[in-house]
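Please read the structure below before turning to the comments.
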Amino acid sequence: MIDIVVPAVGESISEVSLVKWLKQAGEFVNRDEVLCELESEKATFELNAEQAGVLHIVAQEGTTLNIGDLVCKIDETAAKPAGAPEKKTASAKAAEAAPATEKEKVKDTPKQDLKATPVAAAIMTDKQVKPAEVKGSGPKGRILKHDVLEALSHPGRKGGDAAFGREVKKEKMSNLRRTVSRRLVEAKNSTAMLTTFNEVDMSRIMEIRKQYKDTFKESHGVNLGFMSFFVKACCTALAEYPAVNAYVDGDALLFHDYCDISIAVSAPKGLVVPVIRNAESLSMADVEKKVVELASKARENKLTPDEMAGGTFTITNGGVFGSLMSTPILNIPQSAILGMHKIQDRPMAINGKVEIRPMMYVALSYDHRVIDGRESVGFLVRVKELLESPELLLIGKDPVKALLEL
């Protein structure tokens, strides 16, 4: 028997939760196959089989385990059952994933194994009703004809659901959610947090994106988004206002001569903040590639603790959810966080005339123990200047002023 224990996943992590078993007790597993999902306070990760054999489960789903605790055992002496599936190769997985469009069609088409009568299935196919939108009233949840008709009569509400339902569901908080909760309360209680606001005319950035998006995609294989402009603008401003890039370290201040930019990402199990290391040294394309990589890993719960450790400054984008203005909360021990918001056309006074411009409110929350009002306002004004004239990101100042050494 081989013991499979909880591995060390980071210096500060002492316990994890067993989220879900992906294999059944008594099942034959191949070497390196994923057995279960574990969740620490920072990330979700997978536990793999160290040898092929029969799985003996020890820890149950929902259990909190310490580092080194026994999760399961594998009997490597057990013979492989006849007909047991081989470990899938990369080519086999690719072949399975190839016809994506056909898979979508299959997924959207009700089948008999979806517990629907033939008549109900035919109506669902004809009216493009998904099984998830219908509550079956037949034996074992089987969807009947009148269930589909009820769903069509009351779109947005599953047939059979009470119109004034008062169900209450109690659900245990995950390690990640508990950690986020603790850190948010700690940020509010242990810092002198203030927020300053400004607004950015996004016209020039939107013109650049419109003009160069196709060429940029061809050259770099990634879309030109807004985040790269904000990251580069913040890096330039952080170099000019080093206190915004500092920590409180006991009775001292810890300044950083690099910019590790944390980006807040909404993952399935909660908010995570992966880090773009040395963002000041990356190109626009490098930043966009890193954003896509980290966001994809976050959605798939594949971020490692190292990818979320550290960070000297955070950017969060509430605009993707439609937020017009907010006061972002600090990501301790950092001293500042920049909030992006929804771009909205608004009438603006331009040279004495009213013009419609795409405007974005930006908010900088900061720790007043580290950052004075002059620095916080100056930093945000500098970010605004760089975003409204992205050409300044090349050398940090107006080319004419640079020529004249002003």
Side-chain angles (χ1 to χ4, degrees), residues 195-210 212-213 216 220 222-241 244-245 256 258-266 271-295 298 311-331 334-344 357-366 376-394 396:
T195 305
T196 183
F197 299 92
N198 215 313
E199 58 182 345
V200 177
D201 184 345
M202 299 292 288
S203 300
R204 185 67 186 121
I205 288 180
M206 294 180 79
E207 288 171 5
I208 292 173
R209 292 181 71 227
K210 183 177 180 181
Y212 294 106
K213 64 178 182 179
F216 189 88
H220 304 294
V222 67
N223 291 322
L224 177 59
F226 293 112
M227 188 58 79
S228 54
F229 288 97
F230 276 81
V231 168
K232 298 302 288 183
C234 286
C235 288
T236 300
L238 288 171
E240 297 175 12
Y241 295 90
V244 184
N245 203 34
H256 305 88
Y258 55 88
C259 300
D260 280 358
I261 306 295
S262 304
I263 52 171
V265 179
S266 181
L271 185 71
V272 292
V273 277
V275 181
I276 301 175
R277 310 283 179 194
N278 285 104
E280 81 286 349
S281 301
L282 301 180
S283 67
M284 297 279 285
D286 290 334
V287 171
E288 291 293 351
K289 289 175 183 176
K290 200 64 181 176
V291 169
V292 170
E293 175 193 340
L294 294 174
T312 62
F313 181 83
T314 296
I315 299 176
T316 180
N317 185 6
V320 295
F321 304 111
S323 172
L324 188 60
M325 183 182 287
S326 66
T327 55
I329 194 166
L330 292 176
N331 178 22
Q334 298 173 20
S335 297
I337 178 172
L338 180 76
M340 301 166 58
H341 298 92
K342 177 184 177 183
I343 299 173
Q344 188 176 62
R357 295 292 182 94
M359 305 298 296
M360 177 195 286
Y361 288 118
V362 287
L364 181 76
S365 291
Y366 61 98
S376 63
V377 173
F379 173 87
L380 197 55
V381 168
R382 182 57 167 150
V383 169
K384 168 186 169 69
E385 180 185 24
L386 294 167
L387 292 172
E388 292 184 339
S389 302
E391 297 85 353
L392 301 182
L393 290 170
L394 283 172

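You'll find the side chain of T327 reaches within 4.5 Å of the side chain of F197, heavy atoms only. The closest side-chain heavy-atom distance from M340 to T316 is not below 4.5 Å. Side-chain atoms of M206 and F226, non-hydrogen and from C-beta on, do get closer than 4.5 Å to each other. Between L386 and F229, every side-chain heavy-atom pair lies at or beyond the 4.5 Å cut-off. Annotation: side chain of L282 is not in contact with side chain of V231 (no heavy-atom distance under 4.5 Å). Using a 4.5 Å heavy-atom threshold, the side chains of S228 and V291 count as separate. F321 places none of its side-chain heavy atoms less than 4.5 Å from the side chain of K342. Y258 places none of its side-chain heavy atoms less than 4.5 Å from the side chain of N245.
The CE atom of M359 sits 11.5 Å away from the CG atom of L324 when rounded to the nearest 0.5 Å. Put simply, CG on L387 and CD1 on I205 are 4.5 Å apart, with the number rounded to the nearest 0.5 Å. To the nearest 0.5 angstrom, K213 atom NZ is 10.5 Å from L224 atom CG. Rounding to the nearest 0.5 Å places OG1 of T314 at 10.0 Å from CG of L338. In this structure, CD1 on I276 lies 12.5 Å from OG on S281, to the nearest 0.5 angstrom. To the nearest 0.5 angstrom, E240 atom CD is 7.0 Å from T236 atom OG1.
Of all heavy-atom pairs spanning R357 and S203, the tightest one is CD-OG, 3.5 Å. Contact record, E280 with C235: N-SG, 3.6 Å, taken as the closest heavy-atom pair. Residues S376 and T196 approach most closely at O-CG2, 4.2 Å, considering heavy atoms. For A264 against V273, the heavy-atom pair with the smallest separation is CA-CG1, 3.7 Å. Between S262 and V275, the shortest heavy-atom contact is OG-CG2, 3.7 Å. When all heavy atoms are compared, the tightest approach of T195 to A363 is CG2-CB, 4.0 Å.
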Review point. Please walk me through it: do E288 and H220 pass side chain to side chain contact (heavy atoms under 4.5 Å, CB included)?
Key: CA-CA 9 Å; E288 291 293 351; H220 304 294; over 6 Å; no

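Applying the side-chain hydrogen bond (donor to acceptor under 3.5 Å, both in side chains) test to pairs two or more places apart or on separate chains, those with a residue in residues 317-326 are S326-H341.
For the pair N223 (side chain) and G225 (backbone), a donor-acceptor distance under 3.5 Å is absent. Remark: the backbone N or O of N278 is paired with a side-chain donor or acceptor of D260 at under 3.5 angstrom.
Across E385, E388, E391, a single residue satisfies salt bridge (charged side-chain N to carboxylate O under 4.0 Å, His left out) together with R204, and that is E391.
A centroid separation of 6.0 Å or more is found between the aromatic rings of Y366 and Y241.
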